[in-house]
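Step one of this worksheet: look at the structure below.
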Amino acid sequence: MNLHSHSISSLQGVLTVPGDKSISHRAAILGGLAQGVTEVDNFLCSEDCLNTLRAMEQLGAKVDVLEERQGYVPVRFRITGVAMSPKAPERPIDCGNSGTGMRLLAGMLAACPFDSEMFGDASLSSRPMGRIMQPLEQMGARIEARGTKPGCAPLSIHGGRVHPISYALPMASAQVKSAILLAGMFADGTTTVRQPAATRDHTERLFRHFGVPCTVDGLTVGTCGPAFPVAHDLTVPADISSAAFWMVAASRPGSRLTLRQVGLNKTRNAVISALQRMGARMDIVPTSPEDAGEPYGDITVYGSDSLHGTSLLPEEIPNLIDEIPILAVAGALGRGDFIVRNARELRVKETDRIATTAANLRLMGVDVEEFDDGMVVHGGTPLKGTELSSYGDHRIAMSFLVAGLSAQGETVVTDAECINTSYPGFERDLAQFL
Ligand code: S3P
C-alpha cells in the first residue's frame, strides 16, 4: 500500500492518538499471567500488541473484547489470567514484527516447564536475540536461535526452573531488562538488573500495579520471586511515540494542535524537551490522578517559525530512541545542525534506522552525514517531495509522510501497511490535515 502527503500551510485541532505500545504489550503479559480478571482500557489494538495478546491466549489466558471504538477498533479487553501457570502452546507463537513481544515473552517462557517456539517476520528474524538468550541461559533456561542469521529467531525455548541472577546490561535496553525481570518473577529469590542508563520503566510500574515486588536503586532494578501478580484494571495512556509525529507536524508556523491524554512517563518524554530545545512551543497540562501508575496529560503544540537543530544528549538517547527518525525530520526542517551520536542501538530496530532515515532524507534533498552511532542532519534546505520506501518500518513510514507535509510536490511512501504495527488509524488522522 502506498500513502501520499503534500505540503499544507498549518495544522489545527485536537487529536487522540492510540494507546501506548510498550504498556499494551506488558498489560497483555501481566494480565495474562495474573490471578483474576484485568480490564485493560485503551489497549493498543495494533498488529504487534495483538500478537502478544494472542500469544497469551495460546498459553491459556482468556481474552474478551469489551468495547470497540469508532466501529472497528477493539480498545477495551477483559483478560482472565492463568495465575502464573501458563499451559504449553500447541503451535509456535507468531510475534510478527515485534521485538518487544518476542523478547518479553521469551523471558516468561524461559521460566515455564515446557518447550515453546517463537517466530517472526523477516525484519524480526534478523534482529539480535543473543542479548536475551545470554542472561536467560545464565538463569538456567536453554534457548536455541534457529534463524538463518546467527543469534536470530526463530527461537526454541526449553523452559524450566530458573534461578535468580544479578545482571549488568551491556546495552541500555528496556526489552532485555524486562525479559530478565519477567523470568525473575518465577525464580526463587532476588533477581537484579543494572542498567548503563535509565530505560523506560513500564515493567517496573506494572509490576507494582499487579502487586509484584519491585525495587529500584539508582539504575539497578530488582524483583523477588516467586511472585504472584494479582489482576488489577488499568487504562493505557496515548503513546507519546505516536504523538511525536504530530508534535513535529504542528511545529509549522500558524499551527495549534492539542494531543490528548499522552503518556508523560519521565523515562519516555525526552522528545518533548528535545523539541523545545529546537524551538518548538508546547504547553503540557498533566491530567492524570496523582497516584496514576503512568502519568499522562494534554500537550498543545503551537507553530514556531524558528525551528533549529540541537545535539541530543547521551543520557536522553534511550528516552527518545523511537522518536529519532521524526526528530531527524524536524532537524531537516530547522536551521543548523541536528546531531545524534551514541545511538548505535538504532541500527538494530525494525530497520537500521540510521541508514533508512538518512537514505530518505537524502532523497528529499537533505544533506546528512552518517556515523556508525548516529548522524548529523544539516537542516534548512527546502524538502523535495518524492517516492520513498518505508523499508517495512512503521516509524520510517510515518516520519516521512509527516516530512511530506513540508515538502514541495507530492511525497509517496511505499509499503506503508507496516504502520498498522503501532498506529492503526494514522492514515485517517493524516487525511484530516491534507
Ligand atoms: C521497548 C524498548 C525499546 C524500544 C521499543 C520498545 C519496550 O527497545 O525501541 O520500541 O517496550 O521495552 P530496546 O529495549 O531494544 O531499546
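Atoms within each ligand, like the ligands themselves, are counted from 1 in listed order. The structure presented is a predicted model; accordingly, all values stated were derived computationally and were not measured.
- Looking at heavy atoms from C-beta onward, Glu57 lies out of side-chain contact with Lys62 at the 4.5 angstrom threshold.
- A donor-acceptor pair is defined here as one N or O able to donate and one able to accept, closer than 3.5 Å; such a pair exists between the side chain of Thr267 and the backbone of Asp201.
- The shortest N/O to N/O separation between Arg395 and ligand 1 does not fall below 3.5 Å.
- Salt bridge absent: Arg344 and Asp352 never bring a charged side-chain N and a carboxylate O closer than 4.0 Å.
- Checking side-chain atoms of Arg268 against main-chain N and O of Leu264 turns up no donor-acceptor pair under 3.5 Å.
- The single protein non-hydrogen atom nearest to atom 6 (C) of ligand 1 is Thr100 OG1, 3.4 Å, given as residue, atom name and distance.
- Taking the six-membered ring where the residue is Trp, Phe43 and Phe77 present perpendicular rings, their angle passing 60° and hence far from 30°.
- Nearest protein heavy-atom contact of atom 3 (C) of ligand 1 is Lys349 NZ, 3.8 Å.
- What sits closest to atom 10 (O) of ligand 1 on the protein, heavy atoms only, is Asp322 OD2, 2.8 Å.
- Set against the non-hydrogen atoms of Ser173, the atoms of ligand 1 under 4.0 Å away are 13 (P), 14 (O), 15 (O), 16 (O).
- Numbered from 1 in the order shown, with element, the atoms of ligand 1 that lie under 4.0 Å from a heavy atom of Ile321 read 9 (O).
- Between Arg200 and ligand 1, no N or O atom pair is found at a separation short of 3.5 Å.
- Between Glu39 and Arg76 a salt bridge is recorded (basic side-chain N to carboxylate O distance below 4.0 Å).
- Contact annotation: Met171 has no heavy atom less than 4.0 Å from any atom of ligand 1.
- Note: Phe245 and Phe426 have perpendicular aromatic rings, judged against thresholds of 30 and 60 degrees for the angle between ring planes.
- For the atom pair CD1 (Ile180) and OH (Tyr167), the distance works out to 6.0 Å, reported to the nearest 0.5 Å.
- Looking from atom 12 (O) of ligand 1 to the surrounding protein, the closest heavy atom is Arg26 NH2, 2.6 Å.
- The distance criterion of under 3.5 Å between nitrogen or oxygen atoms is met by Ala174 with respect to ligand 1.
- Residue contacts with ligand 1: Glu345 is placed with no nitrogen or oxygen under 3.5 Å of a nitrogen or oxygen of the ligand (distance criterion only).
- Of all protein heavy atoms, the one lying nearest to atom 1 (C) of ligand 1 is Gln175 NE2, 3.6 Å.
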